[in-house]
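This chain uses plain numbering: 1 for the first residue, then up along the sequence.
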Amino acid sequence: MFENKERTDINELGEFGLIKHLTTNFKIKNDYSVKGVGDDAAVLDAKGKQTLISTDLLLEGIHFDLAYVPLMHLGYKAVQVNLSDIYAMNGKASQITVSLGLSSKFPLEAVEEIYKGIELACNKYNIDLIGGDTSSSKQGLVISITSIGYADADKVVYRNGAQEHDLLCVSGDLGGAYLGLQILEREKLIYLENPQIQPDLEGKDYIIERQLKPEARMDIIALLDEMNIKPTSMIDVSDGLASEILHLAEQSDKGMTIYEEKIPLDPMTYETARELGLDPTVCALSGGEDYELLFTISQEDYKKLKHDVDITVIGHVTDKNSGCKMVSKSEKVHELKAQGWNAFNK
């Protein structure tokens with residue numbers, strides 16, 4: 001994979017030399033970060049706020065395929081996956097730690113590519129890299145990132161606060177990341193059958209980017225703050241819309257009803273689903289990896305955001321006994337089921 005490029009064996013640097021080499025360009029940006037990389041532990045000052053912490057693990061062959069995922073994109077996406085969890089708590093993300101498990105096939109130049117993506121994400125989202133670890137791996141590439149953020153105690157939003165008659169909202173559009181993955185998988189199979197054929201990704205830029213380079217919705221958290229709206233419950237859409245609705249409903253001990261015609265779909269997502277013989281609605285419900293924010297608000301707050309084009313009201317909260325349902329375009333009522341990502345499916 002890297003045979004034709006300049007290769008520097010990681011062993012030449014050693015563990016501490018590698019970390020120093022990779023993190024030299026990372027500078028502290030946040031007042032909360034007292035000490036970052038370079039000591040036995042990072043030092044943070046919460047300044048009276050509540051601290052939010054989330055960790056994600058990405059495994060080669062399970063969460064990503066290096067046949068079509070560029071290493072720089074992988075580094076960028078690994079950070080976004082984690083930041084999204086902090087924003088889903090209505091917090092401000094400010095630090096990350098990065099740990100890598102590396103097999104012998106990865107030269108220094110490959111690891112540098114991953115860190116270029118990490119650095120790009122840190123700079124764009126004003127995040128400090130404050131630590132991590134590296135180790136050898138016999139199972140391919142392993143990336144573990146921990147994100148840290150802060151929020152005032154009265155601003156933290158949990159999954160369990162939805163109230164009956166609240167409105168269910170989602171940012172952006174859904175299903176694009178899943179369709180992007182289907183196109184990449186299709187082109188990979190074609191390439192494996194005939195390496196002379198170049199990938200045909202023309203006209204699919206948006207959904208490919210949704211899969212390879214997602215953007216955590218820091219802007220939505222800032223927008224809600226500007227509008228003086230505190231969601232009653234919130235979660236990020238990582239495993240598919242249906243799964244996340246069920247999480248909010250279960251945690252809040254409520255039911256939820258959504259309307260198929262209200263689910264936001266980008267035209268490219270819709271058209272690509274049809275091309276591939278897939279139902280666009282199912283792609284949104286079960287696809288996952290959109291990293292949009294799903295949240296509930298009180299009806300009184302609706303007037304504040306009703307004109308915002310990047311937030312869509314897709315349903316409402318009901319009593320627990322009503323369950324979680326979707327009203328189709330033909331006005332048939334379907335029970336919502338979680339068919340999205342399961343980390344332990346074989």
Check ion pair K204-E202 (N to O, under 4.0 angstrom) =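 Not counted as a salt bridge, because no side-chain N and carboxylate O are separated by less than 4.0 Å.
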Qualifying residue for side-chain contact (heavy atoms from CB on, under 4.5 Å) with N90, from V157, L52, V156 =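 Filter result, single survivor: V157.
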Take atom OH in Y206; do more than 12 heavy atoms of anything else shown fall under 6.0 Å from it?
->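 Atom OH in Y206 is packed in, count exceeds 12.
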Is a donor on one side and an acceptor on the other found under 3.5 Å between the side chain of D85 and the backbone of D236?
->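 Judged by distance alone, no pair lies under 3.5 Å.
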With distance as the sole test, does Q251 use its side chain to make a donor-acceptor pair with the main-chain N or O of N160 at under 3.5 Å?
->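 Such a contact is absent between Q251 side chain and N160 backbone.
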Does D154 come within less than 4.0 Å of K230, counting only side-chain N to carboxylate O?
->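 Salt bridge flag = no for K230 with D154.
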So, Y76 versus E215: side-chain donor-acceptor pair below 3.5 Å or not?
->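 E215 and Y76 do have a side-chain donor-acceptor pair below 3.5 Å.
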With the threshold set at 4.0 Å, does a side-chain nitrogen-carboxylate oxygen contact exist between D65 and K188?
->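 Between K188 and D65 there is a salt bridge, with a charged N closer than 4.0 Å to a carboxylate O.
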More than 12 heavy atoms from other groups under 6.0 Å of CD on Q139 |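 Check fails, neighbour count at 12 or below.
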Got a donor-acceptor contact below 3.5 angstrom from the Q163 side chain to the G161 backbone?
->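 At least one qualifying donor-acceptor pair exists.
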What about I86 and V237, same hydrophobic cluster or not, with Ile/Leu/Val/Met/Phe/Trp/Tyr joined at side-chain heavy-atom distances under 4.5 Å?
->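 The answer is no; the residues belong to distinct hydrophobic clusters.
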Have S233 and T296 got a donor and an acceptor in their side chains that come within less than 3.5 Å?
->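 Looking only at side-chain atoms, T296 and S233 do form a donor-acceptor pair, the distance falling under 3.5 Å.
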Main-chain N/O of I314 paired with T312 side-chain donor or acceptor, under 3.5 Å =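 Here the side-chain-to-backbone pair does not exist.
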Under 3.5 Å donor-acceptor, S252 side chain and A162 backbone |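 At least one qualifying donor-acceptor pair exists.
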Are more than 12 heavy atoms from other residues, nucleotides or ligands located less than 6.0 Å from atom NE2 of H165?
->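 No, not enclosed.
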Is it the case that more than 12 heavy atoms not belonging to K138 sit under 6.0 Å from its NZ atom?
->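 Result for NZ/K138: open.
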Y259 and I263: same hydrophobic cluster, using ILVMFWY side-chain contacts below 4.5 Å?
->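 In one cluster: no.
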Show the numbers, then the answer: is there a salt bridge (charged side-chain N to carboxylate O under 4.0 Å, His left out) between K116 and E119?
-> CA-CA 5 Å; K116 283 179 187 175; E119 185 179 2; over 6 Å; no
For S94 and G149, indicate whether the former's side chain and the latter's backbone hold a donor-acceptor pair under 3.5 Å.
->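 Checking the backbone N and O of G149 against the side chain of S94, no donor-acceptor pair under 3.5 Å is found.
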Take atom CD of E250 as the centre, draw a 6.0 Å sphere, and report whether it contains more than 12 heavy atoms from other residues, nucleotides or ligands.
->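 At most 12 heavy atoms, drawn from other residues, nucleotides or ligands, come within 6.0 Å of this atom.
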Just do the side chain to side chain contact (heavy atoms under 4.5 Å, CB included) check on E260 and V327 with the steps written out, would you?
-> CA-CA 6 Å; E260 181 182 15; V327 180; over 6 Å; no
Identify whether the distance between the nearest side-chain nitrogen and carboxylate oxygen of E244 and R159 falls below 4.0 Å.
->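 No, no charged N to carboxylate O under 4.0 Å.
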Over 12 non-hydrogen atoms of neighbours within 6.0 angstrom of NZ in K155 |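 Counting neighbours around NZ of K155, 12 or fewer heavy atoms of other residues, nucleotides or ligands fall under 6.0 Å, so no.
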Heavy-atom neighbours of K320 NZ exceed 12 at 6.0 Å =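 Atom NZ in K320 is not crowded, with 12 or fewer foreign heavy atoms closer than 6.0 Å.
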Verify, without hydrogens or angle tests, whether H63 (side chain) and L59 (backbone) share a donor-acceptor contact under 3.5 angstrom.
->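 Flag set: sc H63 to bb L59 pair under 3.5 Å.
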From the options L174, D205, L181, D173, select the one residue that forms a side-chain contact (heavy atoms from CB on, under 4.5 Å) with R210.
->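 In the set L174, D205, L181, D173, the residue that makes a side-chain contact (heavy atoms from CB on, under 4.5 Å) with R210 is D173.
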Between the main-chain N or O of Q95 and the side-chain N or O of D128, is there a donor-acceptor pair closer than 3.5 Å?
->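 A pair under 3.5 Å: no.
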Evaluate whether atom CG of N228 has more than 12 neighbouring non-hydrogen atoms of other residues, nucleotides or ligands under 6.0 angstrom away.
->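 It does not: N228 CG has 12 such atoms or fewer within range.
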Could you walk me through whether R217 and D310 pass the salt bridge (charged side-chain N to carboxylate O under 4.0 Å, His left out) test, one step at a time?
-> CA-CA 11 Å; R217 298 309 305 261; D310 209 21; 2.3 Å; yes
Residue of the set K304, K303, Q299 for which side-chain contact (heavy atoms from CB on, under 4.5 Å) holds with D301 |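 Of all the options given, the one that passes is K304.
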Backbone N or O of V170 within a donor-acceptor pair of the E292 side chain at under 3.5 Å?
->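 No, E292 side chain to V170 backbone: no donor-acceptor pair under 3.5 Å.
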I145 vs V79 side-chain heavy atoms within contact, under 4.5 Å |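 Side chain of I145 against side chain of V79, heavy atoms only: contact under 4.5 Å found.
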Say whether, by atom type as modelled, one donor and one acceptor occur between the side chain of S137 and the main chain of S103 under 3.5 angstrom.
->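 No.
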Are T146 and T55 linked by a side-chain donor-acceptor pair shorter than 3.5 Å?
->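 A pair is found: one side chain offers a donor N or O, the other an acceptor, under 3.5 Å apart.
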